[in-house]
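For reference, the structure is listed below as structure tokens.
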2 protein chains.
Amino acid sequence: MDIVVQKYGGSSVADVEKIKYVANKIKNKVNKKYKVVVIVSAMGKTTDNLIKLAKEISEKPHPRELDMLLTTGEQISVALLSMALNDLNVKTKSLNAFQAGIFTTGDFNNARIQKFKIGKILKLLDIYDVLVITGFQGITEEGDYTTLGRGGSDTSAVAIAAALDAKCEIYSDFSGIFTFDPKIYPNAKKIKYITYDEMLEMSSLGAKVLHSRAVEVAKKYNITIYCASTFSDEEGTYVVTDNIENPVVTGMSVMENQTQVTITNLPFNHAIIYNIFDKIAQKGFNVDMISIININNKLNVSFTIIEEEMEHFDKYLKEALVEFNDSQITYEHGYAKVSVVGIGMKTEKGVASRFFKALEDIPLRMVTTSEIKISCLLEKKYLDKATKSLLKEFEL
Amino acid sequence: MDIVVQKYGGSSVADVEKIKYVANKIKNKVNKKYKVVVIVSAMGKTTDNLIKLAKEISEKPHPRELDMLLTTGEQISVALLSMALNDLNVKTKSLNAFQAGIFTTGDFNNARIQKFKIGKILKLLDIYDVLVITGFQGITEEGDYTTLGRGGSDTSAVAIAAALDAKCEIYSDFSGIFTFDPKIYPNAKKIKYITYDEMLEMSSLGAKVLHSRAVEVAKKYNITIYCASTFSDEEGTYVVTDNIENPVVTGMSVMENQTQVTITNLPFNHAIIYNIFDKIAQKGFNVDMISIININNKLNVSFTIIEEEMEHFDKYLKEALVEFNDSQITYEHGYAKVSVVGIGMKTEKGVASRFFKALEDIPLRMVTTSEIKISCLLEKKYLDKATKSLLKEFEL
């Protein structure tokens with residue numbers, strides 16, 4: 001039994017016509033003798049609209065009830081897609097999280113998949129050619145609905161591909177992964193192969209094609225992900241273990257609306273720093289570009305957060321710093337982060353110097369590096385110049 | 001533990017403000033030390049809109065997938081109501097058919113409830129003051145969603161009240177059961193007590209307050225149903241075993257758009273008649289006012305159906321009559337059925353003669369009677385005159 005997992009995002013099933021198109025696309029795969037497990041997101045803006053409705057009922061909707069609400073979105077789309085497939089005489093059945101047995105942790109709104117009822121799914125695949133399963137959702141052992149957080153349908157797809165040891169195809173509006181956002185830079189090239197690590201850096205830097213947790217799962221279970229466009233047959237991008245093309249720099253990404261947070265005058269004790277970041281992480285904030293400098297036996301810490309997350313951040317940070325009366329916090333807004341990513345950096349020397357040379361006229365506020373990434377923080381007014389210069393330098 | 005079951009219809013939870021109002025109403029009951037099991041329908045026109053969406057996908061949506069789709073409607077409303085209750089500090093949890101263990105037959109779109117996981121529900125009532133449960137839906141032993149047919153939330157409420165041996169309160173736009181439709185006849189009186197049998201006749205005659213299957217279940221398990229308005233504190237109507245007020249005629253109802261079907265020249269064999277009606281019933285048609293007359297050793301059968309059901313009816317009737325070449329079918333449209341219902345007819349004599357006297361100037365096409373009901377079929381132009389005359393005669 002050749003099984004393939006296909007995932008269709010919300011914009012691919014946004015209306016009746018698109019659902020029928022997707023049904024035909026799935027049928028083509030069935031005609032090629034595949035058993036297809038299809039993971040579907042909620043139609044178009046359904047999830048956003050449900051969240052809006054919940055916010056009208058309650059300023060802070062009960063997390064368990066919010067998931068009870070949100071899971072209806074995918075149930076609607078799997079039912080409709082399954083109706084469309086039935087009309088094409090495809091033997092199919094839709095399954096929600098209860099029916100597919102998608103068990104997760106109990107972290108409402110941000111759960112993690114733990115297991116599937118694979119025995120049941122395999123038994124159903126003996127009878128049906130296509131199973132249409134709700135993405136983004138799961139249930140706890142106690143039978144409460146959970147959701148996996150934004151982009152969670154990607155994770156659903158990769159996780160079930162891992163459990164079935166199948167290939168995973170992710171279909172969306174994007175025809176693949178590009179060296180840089182083609183909306184900003186139309187000459188950006190499509191990448192044919194990208195490694196999990198590169199993809200992880202790219203997604204955490206805002207590349208919207210694949211959710212980073214999905215890539216983590218793919219890496220862990222060595223599942224090849226194929227990303228392509230729902231509505232064209234153009235070849236897409238493969239996310240794999242090794243990058244056979246092995247360019248020095250695979251891609252570039254930009255995140256705007258960065259705030260630089262600086263804490264000065266902390267005691268010289270790195271355990272304190274760990275403690276502060278741990279508290280911030282527990283509140284769900286994503287910090288990046290962390291730099292720590294020791295000046296006169298005091299620690300100074302700088303990092304970035306996304307401006308939209310500022311609202312409650314200051315309160316939580318002050319709570320985390322309550323014991324340190326001498327410390328001071330400053331916020332500077334309106335920065336952009338530019339990063340280049342490439343597995344080749346591990347072996348190729350001189351990437352950093354080419355990076356700095358390309359940006360030699362631009363004042364850089366911060367620079368951080370990982371094994372396969374260099375990021376810098378700069379004022380927004382230099383963003384255009386910086387990206388053009390880097391695209392040229394690394395032939396993206 | 002004093003448990004009460006409350007059911008709120010779709011128009012009672014049609015928008016955010018109404019959901020918040022209902023949450024407050026439930027909280028009042030909790031303040032009176034009740035544990036409340038709340039059954040909720042889908043918001044406003046949700047079910048209609050979902051059916052419309054399904055019809056856009058498929059002319060004849062797959063029944064199993066249609067139920068998969070429709071059950072999302074109630075899941076949305078229970079989640080939102082539970083959020084609103086949480087905000088009022090009521091200890092509550094919402095449950096769908098999987099979570100409440102509402103097991104039904106496998107008749108998609110028209111299933112019947114078989115059992116609840118009462119042990120689980122009682123255990124949850126030890127922890128929570130309110131359980132908000134999806135009406136209208138169930139699951140099969142195999143874990144497929146089913147729905148109970150239109151008005152099924154009433155049945156959900158009465159069935160769970162029966163399983164918990166609790167009182168059942170049905171809240172809707174209607175402030176109770178009236179002697180006649182108050183929209184047509186503003187002087188109609190509200191009935192304080194009505195028996196199950198009277199209510200069954202009234203609902204099968206089109207009274208919209210209570211679904212007849214719900215009344216059947218209430219009668220079987222002797223559950224008192226209280227019908228009242230969601231948005232007022234006016235006293236409603238109790239549906240009970242015995243009508244202590246015991247009027248001769250409790251109420252009247254009218255169904256328009258009746259078609260009279262007449263089949264002539266059938267062989268003199270009543271088994272044939274049974275067979276024909278059985279085939280028609282299997283196709284889901286509701287026939288009423290059946291009269292059978294023997295003329296010259298041939299059977300002539302007359303009955304009524306609702307005009308809207310005509311579309312496919314003729315085809316099925318011809319199939320049922322295929323062996324009887326001599327038989328002839330005629331349809332006559334545009335009639336109205338007027339019925340009076342009252343448990344008192346069983347004992348009180350002369351009700352029929354009062355009925356005919358009130359209608360003496362009106363040509364009656366057909367008349368049928370049961371122990372507690374008299375119905376007649378008449379031309380639409382006489383409807384107004386007939387109802388006024390009957391309302392006066394029986395002091396409704």
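All values below were derived from every heavy atom in this structure, side-chain atoms included, with hydrogens, water molecules and symmetry-related copies excluded. Numbers restart at 1 for each chain; the letters A, B, ... are given by sequence-line order, proteins then strands. Just so you know, these numbers come straight off a predicted model, no measurement behind them.
Per-residue heavy-atom pair counts under 4.5 Å with chain A were compared for Glu56(B), Glu142(B), Lys93(B), and the maximum is reached by Lys93(B). No other option in Glu65(B), His62(B), Met83(B), Lys20(B) has as many heavy-atom pairs under 4.5 Å with chain A as Glu65(B). Note on Leu95(B), Asp67(B), Val16(B): by heavy-atom pairs under 4.5 Å with chain A, the leading option is Val16(B). When Leu53(A), Val78(A), Ile19(A) are compared by the number of non-hydrogen pairs under 4.5 Å with chain B, Leu53(A) comes out ahead. With respect to chain B, the highest number of heavy-atom pairs below 4.5 Å among Thr92(A), Leu81(A), Leu80(A) belongs to Leu80(A).
Within 6.0 Å of NZ on Lys167(A) lie no more than 12 heavy atoms contributed by other residues, nucleotides or ligands. Shown here is Asn31(B), whose CG atom has more than 12 heavy atoms of other residues, nucleotides or ligands within 6.0 Å. Heavy-atom neighbours of Asp165(A) CG from other residues, nucleotides or ligands within 6.0 Å: at or below the threshold of 12. Atom CG of Asp233(B) has 12 or fewer heavy atoms from other residues, nucleotides or ligands within 6.0 Å.
When atom types are taken as modelled, the side chain of Gln99(A) and the backbone of Gly143(B) share a donor-acceptor pair closer than 3.5 angstrom.
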Exercise for the section: For side chain to side chain donor-acceptor pair (under 3.5 Å), just list the numbers for Thr72(B) and Gln75(A), CA-CA rounded to whole Å, side-chain angles, deciding distance to a tenth of an Å, and then say yes or no. Expected result: CA-CA 7 Å; Thr72(B) 60; Gln75(A) 193 172 318; 5.8 Å; no
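Contact annotation for Glu17(B): neither backbone nor side-chain heavy atoms come within less than 4.5 Å of a heavy atom of chain A. Interface remark: Leu70(A) contributes no atoms to any contact with chain B (heavy atom separation under 4.5 Å). If you measure heavy-atom distances from Asp144(A) to chain B, the contacts under 4.5 Å come from both the backbone and the side chain. Heavy-atom distances place both the backbone and the side chain of Asn96(B) under 4.5 Å from chain A.
The distance from atom CG of Leu66(B) to atom OG of Ser82(A), rounded to the nearest 0.5 Å, is 11.5 Å. Distance CE/Met68(A) to OG/Ser94(B): 3.5 Å, rounded to 0.5 Å. Note that the OG atom of Ser58(A) and the CG atom of Leu85(B) stand 11.5 Å from one another [nearest 0.5 Å].
Using a 4.0 Å cut-off between a side-chain N of Lys or Arg and a carboxylate O of Asp or Glu, Asp87(A) and Lys60(B) do not qualify as a salt bridge.
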